[in-house]
*Asks:* 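This structure is in structure tokens; I'll ask about it shortly.
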Amino acid sequence: MASIAAAQVQEVRSITRIERIGAHSHIRGLGLDDSLEPRAVSQGMVGQKMARKAAGVILQMIREGKIAGRAVLLAGQPGTGKTAIAMGLAQALGPDTPFTSMAGSEIFSLEMSKTEALTQAIRKSIGIRIKEESEIIEGEVVEVVVERSAGGGGARVGRLTLKTTDMETNYDMGAKMIDSLLKEKVQAGDVITIDKATGKINKLGRSFARARDYDATGQQARFVQCPEGELQKRKEVVHTVTLHEIDVINSRTHGFLALFSGDTGEIKSEIREQINSKVAEWREEGKAEMIPGVLFIDEAHMLDIECFSYLNRALESETAPVVIMATNRGITRIRGTSYRSPHGIPLDLLDRMIIVPTSPYSHQELREILNIRCEEEDCQMSADALTVLTRVATETSLRYAIQLITTASLVARRRKAAEVSMEDVKKVYSLFLDEHRSEQFLKEYQDEFMFNDGSGDAPQLMEVSQ
Amino acid sequence: MKRSCLIEVFDGIDSFQKRIKVQSNIIEGNSKMYRNSIWYRSLLDAEKTCLKEDKLKKIHYKFQDDKEMVEEYNVDTQVLLRRAWKVKGKLGGEGKWDVEIGDPIPNATPITDGPAADIIESKDQPILSRRNTRINLEWRIRNLPYPIETYSVTANNDQRCIIISTTNKKYYKRLQVPELDRLNLPIQQAPIQCSHSFNTLIVVYKKPQQLLDMDREWYEELSKVKPVKDVPNDCKAQ
């Protein structure tokens with residue numbers, strides 16, 4: 001009993017660790033109804049109806065999976081919900097469709113070339129669903145014990161006892177397995193399966209033997225028989241792996257040499273070709289199914305001309321995913337050239353894209369978004385404070401207004417108020433400058449800052465040297 | 001006779017072979033049946049490489065269906081010490097050795113990451129290992145502290161396995177008998193014996209005549225495979 005209590009204490013701690021609130025964590029989908037019409041406020045999405053409708057059409061296209069290698073460009077001013085739409089799309093697609101999200105600047109790495117980084121990103125976005133024989137542990141949970149090893153701050157160790165009607169076994173668990181057990185809220189009396197190869201946990205229900213513990217079960221608890229025979233079984237399971245994962249499995253150096261070579265480096269093109277032909281063979285035999293996913297490149301204007309021309313070619317392959325790019329640039333220089341082009345993307349690539357514009361939010365929509373964020377950040381805000389905050393959002397930016405939510409709630413908490421009032425918002429507004437006021441301030445006091453000769457041409461110099 | 005290997009002490013090859021001869025005379029009619037089995041033929045057809053190392057004879061088989069197997073024989077006793085299969089994942093990769101008979105191969109680089117390392121049986125849990133002798137198929141299950149009355153060991157010919165179960169519901173295991181499966185021999189209750197000592201349950205199945213004959217003939221067959229010379233020697237610490 002004490003061990004269960006220990007597990008529960010642990011649970012509280014790990015959840016605060018796992019679920020931090022990100023900039024887009026309020027988004028749970030695209031907010032469309034069954035006929036793909038956007039609802040006004042739904043799943044964390046507000047306004048931007050045309051763009052969401054367009055995303056709904058793209059969603060349908062991806063789900064059908066027939067069209068390969070289309071590119072979509074989300075274009076709009078900063079803070080108009082481009083990334084939010086992409087995140088919503090990812091959520092709407094579900095966990096089975098691969099969705100790779102990267103920023104345009106991620107490809108500039110010293111470890112590998114730009115095209116290699118892009119190839120890996122593209123191959124991460126193609127899933128293969130394949131049947132594989134796997135070791136499954138199936139049994140009723142007798143006990144879960146999680147302890148912190150001696151010496152404070154040490155690694156957590158866990159022990160899981162499982163049984164069938166015929167046997168009982170103890171397992172030692174590592175940190176990841178403990179986390180996923182706690183996340184699934186596995187407790188004594190549950191019947192679970194664990195895929196040994198992937199570590200995936202599946203809760204089948206509660207054991208009939210525990211049907212009397214009314215207090216421990218919810219209403220929708222499903223009761224199942226305790227499994228029979230051996231705990232470990234070999235079963236055919238359907239796995240979804242990405243092409244990149246297969247690449248890595250086949251290119252890894254084995255034996256003790258693996259210690260000396262990192263396995264994140266470049267992958268030989270011969271290996272990729274071999275895998276492509278193998279996958280094609282499996283598909284013909286009906287052993288595997290291809291799931292084209294989505295590659296989302298945020299800040300696409302950070303890509304340079306080489307990447308764009310590589311993408312041009314890569315999109316033509318029939319194993320290409322749907323590529324979604326987002327940019328907040330207008331007509332600007334294409335990186336790596338001296339030419340200017342809309343969105344900083346060459347015209348030939350733009351020609352292959354469908355472009356979805358996003359427009360600035362209206363006053364009412366901003367208020368709605370701020371309201372959602374207040375809920376997400378667990379912050380009670382009075383109506384007039386919200387009005388002020390909305391005005392701040394219209395006059396400065398939405399991002400700045402969102403920054404003020406938690407800061408204002410901290411100020412309110414310090415004066416032991418349950419609700420954030422207008423004064424709290426005003427207080428943080430004066431404490432933290434927005435980008436515009438900061439600029440004003442700099443202009444006023446420029447002469448007193450370091451390295452200032454008053455001519456103001458330093459930024460241009462940097463631009464040239466790049 | 002002096003103790004020639006750790007596993008088995010027997011009273012001389014001569015008397016043993018005499019016994020086999022007597023028995024084989026009785027059932028001469030079907031005792032060579034194994035020669036027609038798919039298993040024996042695939043062994044004959046496999047590409048074989050032999051390595052001799054002190055008292056060990058290692059044979060690597062590459063079968064026509066691309067499977068790989070390794071056997072290790074003790075040269076003195078002619079007993080198979082280890083048989084392992086190379087298991088390749090469907091997605092490719094190097095694959096790892098799955099030991100059918102003998103002690104598991106110690107891993108030079110223990111798995112420290114990945115989901116496989118994240119859930120493993122505790123060290124105090126029962127461990128099964130196979131270790132055959134000349135006349136017996138043997139299973140040893142260590143870390144089983146319960147007294148001998150706890151276990152029931154039954155042959156189940158329908159499911160092609162030997163089932164070990166316990167009255168206290170702590171242990172249950174289906175033992176596959178690939179040696180008998182390969183020759184299509186029935187799994188019977190009579191040849192099964194078990195004993196328990198030092199926290200170890202030992203299940204013994206007396207090899208049927210067919211299997212004994214095949215083992216013997218196959219060992220002679222293996223002497224035709226010439227051992228590879230000029231193997232770079234392992235660096236032995238002097």
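Proteins get letters first, then strands, A, B, ... in listed order; numbering begins at 1 in each. Since we're looking at a predicted model, the values are computed, not measured.
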*Asks:* Any chance CD of B/Glu47 has more than 12 other-residue heavy atoms, nucleotides or ligands included, within less than 6.0 Å?
*Replies:*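 Counting other residues, nucleotides and ligands, CD of B/Glu47 stays at 12 neighbours or fewer.
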
*Asks:* Under a 4.5 Å heavy-atom cut-off, does chain B meet the side chain of A/Val279, its backbone, both or neither?
*Replies:*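 Interface part for A/Val279: neither.
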
*Asks:* Distance check, rounded to the nearest 0.5 Å: A/Met167 atom CE versus B/Thr166 atom OG1?
*Replies:* 8.0 Å

*Asks:* B/Asp45: what forms a side-chain contact (heavy atoms from CB on, under 4.5 Å) with it, not counting sequence neighbours?
*Replies:* B/Gln64

*Asks:* First locate atom CD of A/Glu135, then atom CD1 of B/Ile119, and finally report the distance between them rounded to the nearest 0.5 Å.
*Replies:*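 So the CD of A/Glu135 and the CD1 of B/Ile119 are separated by 12.0 Å.
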
*Asks:* Counting only pairs under 3.5 Å, give me each side-chain donor-acceptor contact of residues 142-149 of chain B, with atom names and distances, residues two or more places apart or in other chains.
*Replies:*
from: B/Arg142; atom 1: NH1; to: B/Ser129; atom 2: OG; distance (Å): 3.4
from: B/Asn143; atom 1: ND2; to: B/Lys123; atom 2: O; distance (Å): 3.3
from: B/Asn143; atom 1: ND2; to: B/Gln125; atom 2: O; distance (Å): 3.0

*Asks:* How about A/Arg283: does its CZ atom have over 12 heavy atoms from other parts shown lying under 6.0 Å from it?
*Replies:*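 No.
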
*Asks:* In terms of heavy-atom proximity below 4.5 Å to chain B, should A/Ile194 be classed as side chain, backbone, both, or neither?
*Replies:*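 When you check distances to chain B, only side chain atoms of A/Ile194 fall under 4.5 Å.
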
*Asks:* Taking 4.5 Å as the heavy-atom cut-off, does anything in residues 225-235 of chain A contact chain B, and if so which residues?
*Replies:* A/Gly229, A/Glu230, A/Gln232

*Asks:* Could you please state which residues from residues 169-187 of chain B sit under 4.5 angstrom from chain A, measuring non-hydrogen atom to non-hydrogen atom, sorted by number, or 'none'?
*Replies:*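 Residues of residues 169-187 of chain B touching chain A at under 4.5 Å: B/Lys169, B/Lys170, B/Tyr171, B/Tyr172, B/Lys173, B/Arg174.
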
*Asks:* Is chain B contacted by the side chain of A/Ala175, its backbone, both, or neither, given a heavy-atom distance below 4.5 Å?
*Replies:* backbone

*Asks:* Relative to chain B, which segment of A/Thr164 carries a heavy atom at a distance below 4.5 Å: side chain, backbone, both, or neither?
*Replies:*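 Neither the backbone nor the side chain of A/Thr164 comes within 4.5 Å of chain B.
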
*Asks:* Are more than 12 heavy atoms, taken from residues, nucleotides or ligands other than A/Lys200, located less than 6.0 Å from that residue's NZ atom?
*Replies:*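 12 or below, so no.
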
*Asks:* Considering only heavy atoms, which portion of A/Ile275 lies under 4.5 Å from any heavy atom of chain B: side chain, backbone, both, or neither?
*Replies:* neither

*Asks:* Please indicate whether A/Glu285 has more than 12 foreign heavy atoms, meaning atoms of other residues, nucleotides or ligands, lying under 6.0 Å from its CD.
*Replies:* yes

*Asks:* With a sphere of 6.0 Å drawn around CD of B/Gln193, does it hold more than 12 non-hydrogen atoms of other residues, nucleotides or ligands?
*Replies:* no

*Asks:* Out of A/Asp172, A/Asn170, A/Thr161, which one pairs with B/Ser122 under the side-chain hydrogen bond (donor to acceptor under 3.5 Å, both in side chains) rule?
*Replies:*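 Exactly one candidate clears the test, A/Asp172.
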
